[in-house]
Engineer: 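Quick one: the structure is below, and I'll ask about it shortly.
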Amino acid sequence: MTDATRILVLNSGSSSVKFQLIDMADGRRLAAGLVERIGERADCPDHAAAINSVADQLAAAGLGLDSPLLAAIGHRAVHGGTRFTAPTLITDEVVDAMRELVPLAPLHNPANITGIEATRKLRPDLPQVAVFDTAFHATMPERAARYAIDTATADRYSIRRYGFHGTSHQYVSRRVAQLLGKSPESVNVIVLHLGNGASASAVAGGRCVDTSMGMTPLEGLVMGTRSGDLDPAILLHLHRVGGLTMDEIDDLLNRRSGLKGLSGDNDMREIVRRIGEGDETAKLAFDVYIHRLRKYVGGYYAVLGRVDAIAFTAGVGENAVPVREAALTGLEALGIELDPTLNAVPSAEPRLISSAGSRVAVAVVPTDEELEIAQQTFTVVRRAFSGAI
Ligand code: ADP
């Protein structure tokens with residue numbers, strides 16, 4: 001057990017499985033890969049076949065699942081409901097409980113479960129840990145987690161705000177504290193995870209106190225293809241007046257809205273390029289995106305009271321200079337001063353982009369969900385087996 005320091009991280013999505021093998025002794029990545037288009041290819045009909053393919057790829061690299069150096073497998077799990085608020089050692093009972101949560105994440109949880117079952121079959125003796133995307137947000141106070149609807153109805157259908165991207169928000173909020181040379185307990189941070197999916201969170205002293213995604217990943221910021229916040233009566237109107245079915249509304253809001261719905265493009269690079277050519281539609285999409293983002297920055301400023309840092313992460317947050325600039329200009333009265341030169345420097349490292357005199361530090365912190373999952377998995381495994389001499 002003591003020499004086993006490698007963690008295999010598996011992210012079983014609805015149509016793909018991503019994997020990374022990380023050595024916790026030195027943080028080195030020994031292997032990484034992706035199996036795509038599960039169910040669409042004859043050689044990969046289902047998730048079990050995809051996991052077998054991952055195992056084969058690792059074996060071919062001399063890093064097979066039978067290696068004594070492999071300490072555990074960490075699985076990204078999307079929805080932990082109110083049941084899972086921390087990384088959890090997987091047992092039959094845990095898998096059953098995850099199955100009960102399927103209605104809350106019908107697209108994601110079944111894929112997670114099949115991935116877990118397939119790896120348990122291959123290595124029944126190896127500890128496996130589920131790291132939930134919702135867990136970091138479990139510390140949200142009830143006033144932030146509750147929707148203002150009838151309590152009995154809400155409880156009956158598990159309707160509350162769970163939040164997502166938790167692993168990323170946790171990693172980035174801790175990493176930004178480190179960048180400032182402070183302990184996570186001593187800083188208040190607004191994290192802006194801007195990828196294809198996007199979410200903001202308010203983190204006080206290392207604990208999440210609010211986040212923009214809700215019961216599902218549809219709430220909150222404008223995203224690549226998702227609407228984010230809207231008046232819920234729009235759904236009623238589309239159904240009653242427009243005659244759209246529930247499935248059509250689901251498709252509209254999750255896959256044909258956001259930047260894509262507003263402009264035809266869901267990729268921020270395209271939006272920025274089109275704006276450069278004078279495209280008014282792209283400019284409007286950008287403006288709607290930024291307006292929503294600024295509302296969340298302001299909202300979370302008020303929720304936290306004191307903000308030490310604002311951290312940008314994920315594809316857009318790490319790379320889109322104009323997005324970071326537009327999100328935070330004109331907020332000097334809040335102590336936020338971006339340095340335009342630092343903001344424009346491309347880098348893959350965590351870095352500060354605020355001016356020296358800015359009361360609030362502004363940072364870009366590349367997210368690393370796989371490393372965070374590996375770390376949490378390693379901690380759970382060491383804790384679970386340290387007493388078993
Ligand atoms: P996911 O949510 O799928 O994990 P990512 O965090 O990888 O997404 O972000 C993907 C998005 O990042 C792309 O859709 C694209 O809009 C955006 N992106 C990546 N690079 C750039 C860039 N240089 N400028 C603007 N946007 C970028």
Side-chain angles (χ1 to χ4, degrees), residues 9-20 32-34 36-37 76-78 105 107-108 111-112 131 133-134 163-172 175 191-201 211-213 216-228 254-277 279 281-283 285-290 292-293 311-328 343-351 353 364-373:
V9 178
L10 283 177
N11 181 351
S12 306
S14 51
S15 68
S16 71
V17 173
K18 287 187 218 149
F19 69 93
Q20 278 193 18
L34 167 72
E36 282 181 295
R37 300 195 295 121
R76 176 185 181 221
V78 171
L107 278 181
H108 294 102
N112 297 160
V131 178
D133 229 23
T134 47
F164 298 86
H165 292 147
T167 312
S168 176
H169 286 286
Q170 185 168 13
Y171 174 84
V172 171
R175 192 69 188 78
V191 180
L192 303 172
H193 176 112
L194 311 176
N196 217 344
S199 63
S201 70
T211 194
S212 60
M213 283 180 169
T216 78
L218 185 55
E219 191 179 344
L221 300 175
V222 176
M223 313 185 204
T225 65
R226 290 181 221 143
S227 63
N254 277 298
R255 285 173 284 281
R256 295 194 289 120
S257 295
L259 292 174
K260 185 166 181 72
L262 286 163
S263 75
D265 272 312
N266 65 312
D267 193 317
M268 187 56 86
R269 281 166 291 205
E270 267 309 291
I271 305 278
V272 171
R273 192 190 59 75
R274 283 170 56 186
I275 293 172
E277 292 175 347
D279 186 326
T281 311
K283 178 73 171 74
F286 184 87
D287 288 349
V288 174
Y289 182 99
I290 295 294
R292 184 85 51 84
L293 190 55
F312 288 90
T313 195
V316 177
E318 290 166 26
N319 299 297
V321 175
V323 168
R324 294 194 299 253
E325 185 183 318
L328 299 183
N343 185 36
V345 178
S347 164
E349 295 300 315
R351 59 203 184 270
I353 56 167
V364 180
V365 178
T367 193
D368 195 339
E369 289 165 279
E370 287 77 14
L371 181 61
E372 181 67 31
I373 291 172

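One is the number of the first residue; the rest follow in order along the sequence. These numbers come from the heavy atoms of this one structure, side chains and all, not from hydrogens, waters or symmetry mates. Just so you know, ligand 1 is whichever comes first in the structure, and atom 1 is the first atom listed for that ligand.
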Engineer: Tell me: protein heavy atom nearest atom 15 (C) of ligand 1, and distance?
Structural biologist: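 Looking at atom 15 (C) of ligand 1, the protein heavy atom closest to it is D267 OD1, 3.2 Å.
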Engineer: In this structure, does ligand 1 have an atom that sits under 4.0 Å from one of the heavy atoms of G197?
Structural biologist: yes
Engineer: Within the side chain of R269, is there an N or O that forms a donor-acceptor pair under 3.5 Å with the backbone of D267?
Structural biologist: no
Engineer: Name the closest protein heavy atom to atom 26 (N) of ligand 1, giving the residue it belongs to and the distance to 0.1 Å.
Structural biologist: M268 CB, 3.6 Å
Engineer: Do me a favour and list the nearest non-hydrogen protein atom to atom 5 (P) of ligand 1 with residue, atom name and distance?
Structural biologist: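 Looking only at protein heavy atoms, the one closest to atom 5 (P) of ligand 1 is G315 N, 3.7 Å.
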Engineer: Considering only non-hydrogen protein atoms, determine which one is nearest to atom 17 (C) of ligand 1 and report residue, atom name and distance to 0.1 Å.
Structural biologist: V316 CG2, 3.6 Å
Engineer: Quick one: nearest non-hydrogen protein atom to atom 23 (N) of ligand 1, plus distance?
Structural biologist: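 Nearest protein contact, heavy atoms only, for atom 23 (N) of ligand 1 is N319 CB, 3.3 Å.
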Engineer: Could you walk me through whether L262 and Y289 pass the side chain to side chain contact (heavy atoms under 4.5 Å, CB included) check?
Structural biologist: CA-CA 10 Å; L262 286 163; Y289 182 99; over 6 Å; no
Engineer: Do me a favour and list the nearest non-hydrogen protein atom to atom 1 (P) of ligand 1 with residue, atom name and distance?
Structural biologist: N196 N, 3.8 Å
Engineer: Can you find a protein heavy atom closer to atom 20 (N) of ligand 1 than 4.0 Å?
Structural biologist: yes
Engineer: Any side-chain heavy-atom pair from I353 and R324 closer than 4.5 angstrom?
Structural biologist: yes
Engineer: Got the closest protein heavy atom to atom 24 (N) of ligand 1, with its distance?
Structural biologist: R269 CG, 3.3 Å
